[in-house]
Amino acid sequence: MSRRFERGTARRVLVRLSAAVAATAAGAVVFSGVAVADPVPAAPPSLQELIGQFTKNAPQATDLFGGLLGAPGVTDLIEGVTGQEVGKTTAKEFLFPAPTFGCGVADNPMTVTVASAQAGPNFPLPPWIARGNLRFQAVPAHLEIPKQSDLQVAWFNTTTLKGGVVPLDDTLLNVPTLSKTVDTGEGNVLAALFGQVTYESGTTCTALGTVGQFTA
């Protein structure tokens with residue numbers, strides 16, 4: 001009786017131990033299967049990412065231009081042929097975007113107008129600006145083609161004590177560019193930009209104003 005009991009008990013222990021080992025082995029197989037599964041392939045880069053990478057690595061036109069001007073005699077040749085002073089400058093923004101009402105993106109009734117001024121000499125790369133001039137440019141954040149510009153810039157040269165008020169009425173192919181090149185003379189120039197832009201749909205953007213300080 002005792003031996004039969006011991007044998008039964010041993011058999012039950014072996015069965016339970018075998019079941020536990022089998023379960024552990026199965027779990028290890030499943031776990032190892034998940035662990036060694038092939039990684040999900042990375043998504044291919046988007047067109048925007050490819051373009052951004054290309055433009056990041058591609059030489060800029062201004063860099064090429066600067067290298068060209070560095071060649072002996074090139075600047076003198078261009079100035080001798082065109083009669084224009086060669087140079088390269090960058091635009092400087094006004095102190096803050098002008099709050100703008102009556103238009104906007106996605107039917108919003110309010111937006112901003114970003115404005116800048118660029119000094120000369122800037123030639124032969126556009127925009128062409130002579131020494132002693134400032135080219136004022138405004139860009140309302142509104143997605144339409146301008147029909148009429150009533151933007152204005154009031155400026156005052158603190159070096160020469162001259163100033164004035166000019167409309168930003170330059171056009172390109174009869175489309176307002178919302179810009180104007182002004183003969184301010186060389187010196188420190190204070191400027192304020194304000195006014196309206198009317199678009200083909202009849203929408204009108206009204207820029208309340210912004211100010212800036214520039215060196216012409």
Side-chain angles (χ1 to χ4, degrees), residues 60-62 65-66 82-216:
Q60 300 296 317
T62 52
F65 175 66
T82 64
Q84 300 291 329
E85 182 179 3
V86 170
K88 180 174 70 71
T89 62
T90 57
K92 178 184 176 181
E93 293 187 353
F94 279 65
L95 293 180
F96 54 87
T100 304
F101 295 91
C103 65
V105 180
D107 297 327
N108 288 323
M110 181 177 178
T111 185
V112 295
T113 296
V114 178
S116 64
Q118 184 173 353
N122 194 77
F123 183 84
L125 286 181
W128 295 348
I129 309 169
R131 181 179 296 275
N133 287 5
L134 283 175
R135 181 181 185 271
F136 295 100
Q137 173 75 64
V139 182
H142 182 70
L143 303 179
E144 275 194 81
I145 297 176
K147 180 181 180 180
Q148 179 178 335
S149 171
D150 292 311
L151 292 171
Q152 298 183 75
V153 167
W155 63 274
F156 180 74
N157 189 325
T158 60
T159 304
T160 63
L161 302 182
K162 294 182 179 180
V165 179
V166 294
L168 271 60
D169 57 0
D170 284 351
T171 61
L172 178 63
L173 300 177
N174 294 323
V175 177
T177 60
L178 312 184
S179 65
K180 186 73 172 183
T181 300
V182 182
D183 183 5
T184 60
E186 296 185 62
N188 182 61
V189 177
L190 305 178
L193 182 145
F194 54 91
Q196 296 181 327
V197 180
T198 302
Y199 294 88
E200 294 290 345
S201 66
T203 300
T204 298
C205 291
T206 301
L208 296 186
T210 181
V211 296
Q213 179 179 351
F214 311 97
T215 301

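Starting from 1, each residue takes its place in the sequence as its number.
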Flag, side chain of Thr198 to backbone of Thr204, donor-acceptor distance under 3.5 Å: no

With sequence neighbours excluded, residues passing salt bridge (charged side-chain N to carboxylate O under 4.0 Å, His left out) with Glu85: Arg131

Nearest atoms (heavy-atom pairs only) where Pro146 meets Pro176: O-CD, 3.4 Å

Verdict with reasoning, Gln137 to Ser116, per side chain to side chain donor-acceptor pair (under 3.5 Å): CA-CA 5 Å; Gln137 173 75 64; Ser116 64; over 6 Å; no

Flag, side chain of Thr184 to backbone of Asn133, donor-acceptor distance under 3.5 Å: no

Main-chain N/O of Cys103 paired with His142 side-chain donor or acceptor, under 3.5 Å: no

From CA spacing to verdict: side chain to side chain contact (heavy atoms under 4.5 Å, CB included), Thr113, Val197: CA-CA 10 Å; Thr113 296; Val197 180; over 6 Å; no

Min side-chain heavy-atom separation Lys147-Tyr199 under 4.5 Å: no

Minimum side-chain heavy-atom gap Leu178-Val139 below 4.5 Å: no

Minimal non-hydrogen separation, Phe214 against Leu134, with atom names: CB-CD1, 4.1 Å

Validation row: Thr210, Val114 side chains within 4.5 angstrom (heavy atoms): no

Minimum-distance pair of heavy atoms, taken over all atoms of Cys205 and Thr100: CB-CG2, 3.7 Å

Inter-residue atom distance Trp128.CH2 - Thr181.OG1, 0.5 Å rounding: 12.0 Å

Under 3.5 Å side-chain donor-acceptor pair for Gln196 and Thr206: yes

Heavy-atom check, side chain of Asn108 versus side chain of Met110, under 4.5 Å: no

Side-chain heavy-atom pair Trp155, Val182 within 4.5 angstrom cut-off: yes

Any donor-acceptor pair under 3.5 Å from Lys92 side chain to Gly212 backbone: no

Steps toward side chain to side chain donor-acceptor pair (under 3.5 Å) verdict (Asp150, Gln148): CA-CA 7 Å; Asp150 292 311; Gln148 179 178 335; 3.2 Å; yes

Mutual orientation of the aromatic rings belonging to Phe136 and Phe94 [parallel < 30°, tilted 30-60°, perpendicular > 60°]: tilted

Pairwise side-chain contact, Phe156 with Val189, heavy-atom cut-off 4.5 Å (strictly under): no

Side-chain donor or acceptor of Thr158 paired with backbone N/O of Asn188 under 3.5 Å: yes

Contacts of Thr89 that satisfy side-chain contact (heavy atoms from CB on, under 4.5 Å) - sequence neighbours left out: Gln118, Asn122

Side-chain heavy-atom pair Pro121, Val86 within 4.5 angstrom cut-off: no

Atom of Gly195, atom of Leu151 and distance for their closest heavy-atom approach: C-CD2, 3.5 Å

Ile145 atom CD1, over 12 foreign heavy atoms within 6.0 Å: no

Where at least one partner belongs to residues 173-187, residue pairs that pass salt bridge (Lys or Arg N to Asp or Glu O under 4.0 Å), sequence neighbours excluded: Asp169-Lys180, Asp170-Lys180

Smallest separation among heavy atoms of Thr82 and Phe123, with atom names: OG1-CE2, 3.4 Å

Distance-minimising heavy-atom pair for Gly185 and Asn157: O-ND2, 3.2 Å

Whether Glu200 side chain and Glu144 backbone form a donor-acceptor pair below 3.5 Å: no

